[in-house]
Number of protein chains: 2
Amino acid sequence: MSRTVPIGTVSRETGIKVPTIRYYEEVGLLPSPVRTDSNRRSYDAAAVQRLRFIRHARELGFEVEAIRQLLTLSDQPDRSCAEVDVIARSHLAEIDEKIARLTALRSEVQRMVDEGAHGRVAECRVIEVLGDHATCLHETH
Amino acid sequence: MSRTVPIGTVSRETGIKVPTIRYYEEVGLLPSPVRTDSNRRSYDAAAVQRLRFIRHARELGFEVEAIRQLLTLSDQPDRSCAEVDVIARSHLAEIDEKIARLTALRSEVQRMVDEGAHGRVAECRVIEVLGDHATCLHETH
DNA sequence: CCTACATGCTCTAGCGACTAGAGGATCAAG
DNA sequence: CTTGATCCTCTAGTCGCTAGAGCATGTAGG
């Protein structure tokens, strides 16, 4: 029927390393593919698509568990949409928090660089700055 | 001379868990403190300050290795400022990249939520969206 | 003074999400 | 037919912790 390809090709096409693909299979993100006579994994287009999805989701910060949930839901697309929405929304909140923290960090480090930059002073401010001031982030987690 | 306190107190004061403090000692972020007669760690104010620095730096996304560098430099504050500056600047670049990726992610997931939200369609778009579109981030790392 | 119980110690093992390497089989090209 | 790339399984390592076992101390109440 449709062409199937070996794991190295899939790796090249998806940008996911070979051992990582095997790892995804092991932890149940990717169904075990058919094997050739000589026991080699052989993937079809659907598997490649699924891996592409996994890759993007990982790149975008989803944890493997969240991806597993999304994939499970999408595999049985009935009572799914609402649940997917919940997962996506909670992830959205996470993202917003990460961005907020990183933005705070940015200005903190920027200040370090700015203040440290005029170079003369024997004692650099960096440690003080991080030791004393970064209190604004204390209860953010 | 100055009062020294046990590890539990330090933990409470810094918000770092006891095993984590011992871990930081093990990996060389924190010098081994003096011990009491009964072999218990006893920390002075400097150690607490150093731990506070470590905590903030970790919270702000510095890796342990970067923190080690910063602390090493600040321990010998001569030829240090320029180097600290280099480290801080390279971290600044990292942060900017992270923020950029997360912002892209945010709109991606937002779109997922928006498009998925009108609920009727039996087949949710989420997987497609992540599988096909997120290509904008491909070569960013 | 004795008993609880909290706190400390060391040591080992586990987590997530990979990554690297050993040691061996198989394939495709020259 | 040999070379080199690719594949297989398996084990162990990475980072930054975290949890637990099993034991030794410290502190407070009765």
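Just so we're on the same page: letters track the sequence lines, and every chain starts at 1. The structure presented is a predicted model; accordingly, all values stated were derived computationally and were not measured.
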Exercise. Between B:I7 and A:V64, just flag the one whose closest nucleotide in DNA chain C comes earlier from the 5' side.
Key: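 Mapping each residue to its closest nucleotide by heavy atoms, the 5'-most match is B:I7.
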Self-check item: Shared hydrophobic cluster, B:L71 / B:V27 (ILVMFWY, side-chain heavy atoms < 4.5 Å)
Solution: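 Yes, because B:L71 and B:V27 connect within a single hydrophobic cluster, where side-chain heavy atoms sit under 4.5 Å apart.
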Quiz prompt | Pairs involving residues 4-21 of chain B, ordered by first then second residue, that meet salt bridge (charged side-chain N to carboxylate O under 4.0 Å, His left out) (sequence neighbours left out) | solution = none
Could you state the interatomic distance from [atom1] ([X]) to [atom2] ([Y]), rounded to the nearest 0.5 Å?
{"X": "A:Q49", "Y": "A:L51", "atom1": "CD", "atom2": "CG", "answer": "10.0 Å"}
{"X": "B:I21", "Y": "B:T14", "atom1": "CD1", "atom2": "OG1", "answer": "4.5 Å"}
{"X": "B:S42", "Y": "B:R3", "atom1": "OG", "atom2": "CZ", "answer": "11.0 Å"}
{"X": "A:R41", "Y": "A:R35", "atom1": "CZ", "atom2": "CZ", "answer": "4.0 Å"}
{"X": "A:H56", "Y": "A:I67", "atom1": "NE2", "atom2": "CD1", "answer": "11.5 Å"}

Quiz item: Base, sugar-phosphate alone, or nothing: which one does B:E63 contact when heavy atoms must sit under 4.0 Å apart?
Solution: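 Sugar-phosphate only.
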Quiz item: Who are the side-chain hydrogen bond (donor to acceptor under 3.5 Å, both in side chains) partners of B:E26, not counting sequence neighbours?
Solution: none
Practice problem: Only counting residues at least two apart or in another chain, list the ones meeting side-chain contact (heavy atoms from CB on, under 4.5 Å) with A:V18. | Solution: A:I7, A:S11, A:R22
Quiz item: Which nucleotide of DNA chain D is the first, and which the last, in the 5' to 3' direction, to come under 4.0 Å of a heavy atom belonging to chain B?
Solution: D:dG16 to D:dG26
Quiz item: Any idea which heavy atoms bring A:Y43 and A:P33 closest together, and the distance?
Solution: CE2-CG, 3.4 Å
Practice problem: Go through residues 20-35 of chain A and report each residue with a non-hydrogen atom lying under 4.0 Å from DNA chain D, sorted by number. | Solution: A:R22, A:R35
Quiz item: What are the bounds, 5' to 3', of the part of DNA chain C that sits under 4.0 Å from heavy atoms of chain B?
Solution: C:dT7 to C:dT10
